[in-house]
Amino acid sequence: MIKMDKIDLAFDGRVLFSDFSLTVEKGEKVLISSPSGTGKSSLVKMMLGFVRPDRGRIVIDDQVLSRKTLAACRGKICYVSQDVDLRNEGVADLITEIFSYRSNRESLYTPGALAREMELFDLDQRVLKKTVSQLSGGERQRLGVIICRLLNRQIWILDEVTSALDETLKQRVIQAMADSDRTVVIISHDDLWNASGAIRRVAW
Amino acid sequence: METGTVTYGSLCYLVVLLVPIIAINLKLKIFINKKLVWAVFRMVVQLSLVGLFLKFIFELDNPLINVAYVCCMILVAAVSGIKSCDMEGARLFFPILVAFALPSLFMLAYFNMFVADLDHLLNARHTIPIAGMLLGNSLSSIIIGVNTFYKGVRDNRKEYLYSLSLSNSRVEALMPYFRKGLLAVANPMLAGMETIGLVALPGMMTGQILGGALPMTAIKYQIAIMLAIFMVQYLAVILAIVLTSMRSFDSYDQLIA
């Protein structure tokens, strides 16, 4: 569950949020589709504890986000950033590194599980041998989604993860998200997300 | 052996050679003449003063004075390190000071005790030049290492945040930039070690040989010094990055601008 309670946030003198509240229930799927420049990314960054609101509080699964609960809160969220900002290194090495992080020991990752996910999202095995800069936008997005699913955290935050995919793959990603039992926050301009009845749309 | 002695008079022969360089700079509109003259002037004055001062210190050879002198060198190194790293002095002075002091002082004592095998541990003739060598090299490597590290984090903010969300640990998320900083220091050092003597004789050895030492003596000292410098630089960079980063991120893991 994510609860944002009476949030104020200004950036460079511009007010992005004023008295903003939003609750995403456990297991709910929420699509945020406000126009560009209205602070969608900032909203996500506040949920992840990267940006501190000027006022208001953020609750992640009954824990108020603060300095003390930061690690616990972040550990519940899996975030896929807009450009899937992985370092430019070998994809296979990065995946090994990510799943060897101390907090990821309980992930679903095994080479077999990775292969199944890659097949599900039509991602060629050869991708593993490439470096990140050699990947296309669509390959990166699918890789981000796959890492997110394997991390097995309770909350997923997906920032524009379908923009570079073709219709069929978009459908597949949307379906996978709608079918999951996780709490999912989606930022997207893709109309296809709207079509899925399981997703609540939020805009401001 | 005929040792040619360099005098202030003979140095003038070299200084005269700067004139064509100044002329070229004027012609090509490269505006560094003022800087050049000032730098040469400072070098001559500073080194002359240091020479006089060292002569005095060597004659005294008082362990307390030697230690005090080394402490001054550490302070100056820390101050100029902070300046060149574009860092906020007040917050980072102490971490940088420790990064300079610990490895150098340890190596200095170790070197004098076991390698140079001195009867009197704080002998001025060894302590001061070796400390200078260690600190001078720490200075350049701390500047390179620290700058590379923070530039890495700053230039790749999105990458850092994404990996922070994946790892949920600041240390793990910073590790790639830390490695980069350390490698930026270690690689040139190792390359230097590999080719040493083939292309150019290192400055210290050249000085010793010109000053009349036997080549084999000069070489043994050079190897010892190279190893000592390598270890000190390596540790100094690690300490500088680790200690400054403890004070450079806020409680939400964001780099303090």
Side-chain angles (χ1 to χ4, degrees), chain A residues 41-42 44-53 58 65-89 93-95 97-107 109 132-133 140 143-144 147-148 150-153 155-159 161, chain B residues 86 88 91-92 95 144-188 190 237-238 241-257:
Chain A
S41 290
S42 301
V44 166
K45 284 185 179 143
M46 284 193 283
M47 292 174 179
L48 286 157
F50 293 158
V51 170
R52 224 176 306 197
I58 297 164
L65 188 65
S66 72
R67 189 192 303 198
K68 279 190 194 133
T69 60
L70 189 64
C73 289
R74 276 191 197 146
K76 289 179 187 149
I77 303 177
C78 182
Y79 164 61
V80 183
S81 66
Q82 193 164 359
D83 302 307
V84 190
D85 301 287
L86 291 164
R87 291 198 313 281
N88 186 24
E89 284 172 26
D93 293 343
L94 281 172
I95 290 181
E97 181 188 313
I98 289 166
F99 290 100
S100 67
Y101 289 146
R102 201 142 17 125
S103 60
N104 295 341
R105 295 222 176 114
E106 312 210 331
S107 73
Y109 171 77
V132 170
S133 66
R140 279 166 90 118
L143 188 61
I147 292 171
C148 173
L150 292 175
L151 278 177
N152 198 25
R153 298 182 188 170
I155 300 171
W156 294 346
I157 298 182
L158 313 170
D159 194 350
V161 291
Chain B
D86 253 342
E88 200 188 303
R91 185 156 37 88
L92 299 178
I144 293 170
V146 165
N147 279 340
T148 308
F149 172 75
Y150 286 103
K151 190 172 165 9
V153 180
R154 217 171 281 134
D155 291 354
N156 300 290
R157 178 152 185 271
K158 284 183 174 176
E159 240 177 60
Y160 166 66
L161 291 183
Y162 185 44
S163 102
L164 192 58
S165 79
L166 292 172
S167 77
N168 197 14
S169 142
R170 186 200 299 172
V171 173
E172 281 171 339
L174 289 177
M175 197 49 84
Y177 312 107
F178 174 75
R179 274 192 219 112
K180 233 189 215 168
L182 196 53
L183 284 177
V185 172
N187 280 331
L190 295 179
V237 173
I238 292 179
I241 297 178
V242 170
L243 296 177
T244 57
S245 70
M246 286 173 161
R247 293 190 171 191
S248 298
F249 291 85
D250 65 18
S251 54
Y252 275 43
D253 300 323
Q254 307 300 306
L255 186 62
I256 300 168

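Per chain, numbering begins at 1; letters A, B, ... match sequence-line order.
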Pairwise distance CD(A/Glu97) to OG(B/Ser163) - rounded to 0.5 angstrom: 7.0 Å

Most contacts with chain B, counted as non-hydrogen pairs under 4.5 angstrom, among A/Leu94, A/Leu151, A/Val84: A/Val84

Non-hydrogen side-chain atoms of A/Val51 and B/Gln254 separated by less than 4.5 Å: no

Heavy-atom closest pair, residues A/Leu70 and B/Tyr252: CD2-CA, 3.7 Å

CG on B/Asn168 to SG on A/Cys78, rounded to 0.5 Å: 11.0 Å

A/Lys76 atom NZ, neighbour heavy-atom count above 12 within 6.0 Å: yes

Between OG on residue A/Ser103 and CD on residue B/Glu172, distance to nearest 0.5 Å: 6.0 Å

Ionic contact status for A/Asp85 with B/Arg157, cut-off 4.0 Å: no

Cationic N near anionic O, under 4.0 Å, A/Arg74 to B/Asp253: yes

Test item: A/Asp83 and B/Tyr162 side chains (from C-beta on) under 4.5 Å apart, heavy atoms: no

Interatomic distance, B/Asn156 atom CG to A/Asn88 atom CG [nearest 0.5 angstrom]: 10.0 Å

Part of A/Ile157 lying under 4.5 Å from any heavy atom of chain B: neither

Euclidean distance, A/Phe50 CZ relative to B/Lys158 NZ, rounded to 0.5 Å: 13.0 Å

Distance, nearest 0.5 Å, that separates CD1 of A/Ile98 from OG of B/Ser167: 9.5 Å

Atom of B/Leu166, atom of A/Asn104 and distance for their closest heavy-atom approach: O-ND2, 3.0 Å

B/Arg91 atom CZ: more than 12 heavy-atom contacts under 6.0 Å: yes

Contact leader toward chain B among A/Gln82, A/Arg102, A/Arg153, A/Glu89, where contacts are heavy-atom pairs under 4.5 Å: A/Arg153

Contact class of A/Leu48 relative to chain B, heavy atoms under 4.5 angstrom: side chain

